[in-house]
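To keep things clear, I will list the structure first and then write my remarks on it.
Letters A, B, ... mirror the listed sequences (proteins, then strands); counts begin at 1.
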Protein chains: 2
Amino acid sequence: MKKTQPEAFTLDRIVTPVGEVLLVTDADGAVRAFDFTDYEARMMTLLARHYGRVQLTPGRAPEAVRNAIAAYFGGELTALDGLAVKTGGTDFQRAVWAALRTIPAGRTWSYGQLAQAIGKPAAVRAVGLANGANPIGVIVPCHRVVGANGTLTGYAGGLERKRWLLAHEASQVGPDDGTGQGAFALD
Amino acid sequence: MKKTQPEAFTLDRIVTPVGEVLLVTDADGAVRAFDFTDYEARMMTLLARHYGRVQLTPGRAPEAVRNAIAAYFGGELTALDGLAVKTGGTDFQRAVWAALRTIPAGRTWSYGQLAQAIGKPAAVRAVGLANGANPIGVIVPCHRVVGANGTLTGYAGGLERKRWLLAHEASQVGPDDGTGQGAFALD
DNA sequence: CTGTGTCTCGCGGTTTTCGGACATGGCGGC
DNA sequence: GCCGCCATGTCCGAAAACCGCGAGACACAG
């Protein structure tokens with residue numbers, strides 16, 4: 001329907017401790033999507049929604065990106081912070097996703113805190129929605145948002161992975177900083 | 001939402017016996033839109049629909065195009081036949097618009113005939129819609145389609161102009177070829 | 001009386017669905 | 001003849017459904 005020529009992206013596959021992931025980058029090296037291989041269909045849907053038709057050519061993502069991801073999973077938790085990301089989505093969604101990147105590794109926020117951070121304290125549930133529509137998992141750390149009572153509530157890649165990621169980050173940072181923030185239920 | 005850079009077109013204005021027209025051409029010289037100045041808003045809407053954001057820079061269309069249009073209004077009715085046109089729209093719409101160009105000047109088809117020509121004899125009404133959504137008036141001769149009983153029924157540029165165009169074409173071709181095709185009510 | 005569990009309800013953005021309008025014409029009934 | 005009905009593709013606006021929530025109400029056990 002839209003006649004604009006499809007955007008051309010590169011599709012890479014990387015093995016991580018939580019399974020193989022799909023990594024989509026553009027010509028500038030910015031990350032456009034990041035998701036687990038077993039949720040490929042979901043990623044395609046999101047890409048189509050944001051960019052219309054996309055043309056994915058299998059290939060290698062820039063080394064800088066690959067290295068950062070490897071470093072993160074190796075324990076260098078801040079390695080992802082410098083990566084450039086680019087997304088479609090509505091203003092609201094982009095605000096949510098931008099706020100996500102300000103949550104430091106090892107910490108967690110509640111959906112309510114996140115809603116407050118973007119200036120819409122009542123849009124708690126909508127924040128959950130936007131969180132679930134995040135096209136760039138892990139790098140945009142939607143897994144660092146948990147229920148107000150500490151339960152994990154949900155994760156597009158499966159709760160098992162959310163649990164793993166949080167444990168991975170907590171173990172490198174230390175068990176607790178005394179503020180109560182960052183606590184979450186491990187089982 | 002759409003990230004693709006806007007397409008750049010040239011916007012020319014030409015005076016004709018039926019009023020000033022807007023002529024949009026692309027870098028290849030293909031016509032992208034053609035409409036009467038007093039329906040500028042409609043043209044913009046269609047362009048936006050088909051191409052997302054467009055960037056129109058006032059300027060002169062290729063001489064070949066300008067000359068063909070002048071020749072047509074001067075009485076050389078086939079002058080427009082060779083012009084290259086390019087449109088967006090759905091498959092159905094493009095099929096309709098392509099069929100329109102096969103109607104010779106001086107003839108008229110009914111909406112039913114047109115529907116039959118594209119292989120969807122039942123989509124009579126939809127053909128009317130597609131006709132009304134034609135972004136390239138005159139050159140893609142949507143004015144050569146009339147009701148089954150010869151009434152003009154409608155025209156995006158105003159029935160007055162449809163009447164004028166048909167009279168203009170009929171007068172050059174001859175009053176009637178005896179087939180009954182091409183008849184239409186002049187008042 | 002405190003803590004914990006379940007239940008209900010309101011919240012708000014996004015997506016999906018639905019219905020209506022329209023540049024018609026052929027058919028069946030009166 | 002005149003009237004009413006319906007098929008057909010597309011866009012648009014309205015409405016509803018969907019949820020990765022959270023606060024408050026209540027029941028119950030220690």
Side-chain angles (χ1 to χ4, degrees), chain A residues 1 39 42 45-46 48-50 88-97 100 108-116 118-134 137 141-159 161-163 166 184-185, chain B residues 1 42 45-46 48-50 88-97 100 108-116 118-134 137 141-159 161-163 166 184:
Chain A
M1 187 128 354
Y39 289 87
R42 195 189 77 103
T45 303
L46 287 180
R49 174 136 68 233
H50 292 331
T90 64
D91 291 343
F92 179 84
Q93 289 173 326
R94 283 210 286 256
V96 170
W97 299 333
L100 284 174
T108 59
W109 286 8
S110 71
Y111 293 91
Q113 286 175 309
L114 186 48
Q116 202 138 8
I118 63 170
K120 304 212 176 184
V124 181
R125 204 154 178 190
V127 159
L129 254 277
N131 225 4
N134 171 27
C142 59
H143 59 276
R144 289 179 196 149
V145 183
V146 299
N149 57 7
T151 53
L152 298 198
T153 63
Y155 189 57
L159 281 183
R161 293 209 179 93
K162 184 168 184 175
R163 199 167 0 248
L166 289 177
F184 63 93
Chain B
M1 183 121 7
R42 197 190 75 103
T45 303
L46 287 180
R49 173 139 69 238
H50 292 331
T90 65
D91 292 342
F92 179 84
Q93 288 173 326
R94 284 210 285 254
V96 170
W97 299 334
L100 284 175
T108 58
W109 287 7
S110 71
Y111 294 91
Q113 286 175 307
L114 186 48
Q116 200 138 10
I118 63 170
K120 304 212 176 183
V124 181
R125 199 154 182 189
V127 159
L129 251 279
N131 225 5
N134 171 28
C142 59
H143 59 276
R144 291 181 195 147
V145 184
V146 298
N149 56 6
T151 54
L152 299 197
T153 65
Y155 189 57
L159 281 183
R161 293 209 179 95
K162 184 169 184 174
R163 198 166 1 248
L166 290 178
F184 64 94

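- Of the possible donor and acceptor atoms, none in the side chain of Lys162(A) sits under 3.5 Å from a partner among the backbone N and O of Gly157(A).
- Taking the side chain of Cys142(B) as heavy atoms from C-beta on, and the options dG13(C), dA23(C), dG9(D), the nearest nucleotide is dA23(C).
- As the counterpart of dC1(C), dG30(D) is assigned, both hydrogen-bonding distances of the Watson-Crick or G-U wobble pattern falling under 3.5 Å.
- Look at CG on Asn131(B): it is 15 Å from P on dC11(D), rounded to the nearest Å.
- Taking only side-chain atoms of Thr153(B), from C-beta outward, the nucleotide of dT10(D), dG13(C), dA23(C) with the closest atom is dA23(C).
- Side-chain atoms of Trp97(A) come within 3.5 Å of backbone atoms of Ala130(A) as a donor-acceptor pair (strictly under, hydrogens ignored).
- Between the side chain of Arg125(A) and the base of dG20(D) there is no donor-acceptor pair of N/O atoms closer than 3.5 Å.
- Side chain of Ser110(B), nearest nucleotide from dG13(C), dC21(D), dG25(C): dG25(C).
- Taking NE2 from His50(A) and OG1 from Thr45(A), the interatomic distance works out to 10.5 Å, rounded to the nearest 0.5 Å.
- Residue contacts shown for Ala156(B) include a base, since a base heavy atom lies under 4.0 Å away.
- Here the side chain of Ala122(A) is nearest to one of dG22(D), dG13(C), dG12(C), namely dG12(C).
- Base pairing of dG20(D): no nucleotide in any strand meets the Watson-Crick or G-U wobble criterion (both distances under 3.5 Å).
- Counting any heavy atom pair closer than 4.0 Å across all strands shown, Tyr111(B) reaches a base atom.
- The side chain of Lys120(A) sits closest to dG13(C) out of dG13(C), dG22(D), dG9(D).
- Within the nucleic acid shown, Gly112(A) comes within 4.0 Å of sugar-phosphate atoms alone, with no base atom in reach, counting heavy atoms only.
- Nearest approach of Phe92(B) to Ile118(B), heavy atoms of both residues: CE1-CD1, 3.7 Å.
- Base pairing annotation: dA14(D) forms a Watson-Crick or G-U wobble pair with dT17(C), both donor-acceptor distances under 3.5 Å.
- Here dA23(C) is the nucleotide among dG9(D), dA23(C), dC11(D) with the atom lying nearest to any side-chain atom of Tyr155(B).
- Across all strands shown, Val124(B) has heavy atoms under 4.0 Å from base atoms, whether or not it also approaches the sugar-phosphate.
- Nucleic acid contact class of Val145(A) (heavy atoms, under 4.0 Å, all strands): base.
- In this structure the side chain of Thr108(B) never reaches within 4.5 angstrom of the side chain of Val145(B), judged on heavy atoms.
- Partner assigned to dT8(D) is none, using Watson-Crick or G-U wobble distances below 3.5 angstrom.
- Of the candidate nucleotides dT16(C), dT8(D), dC22(C), dT16(C) has the atom nearest to the side chain of Arg49(A).
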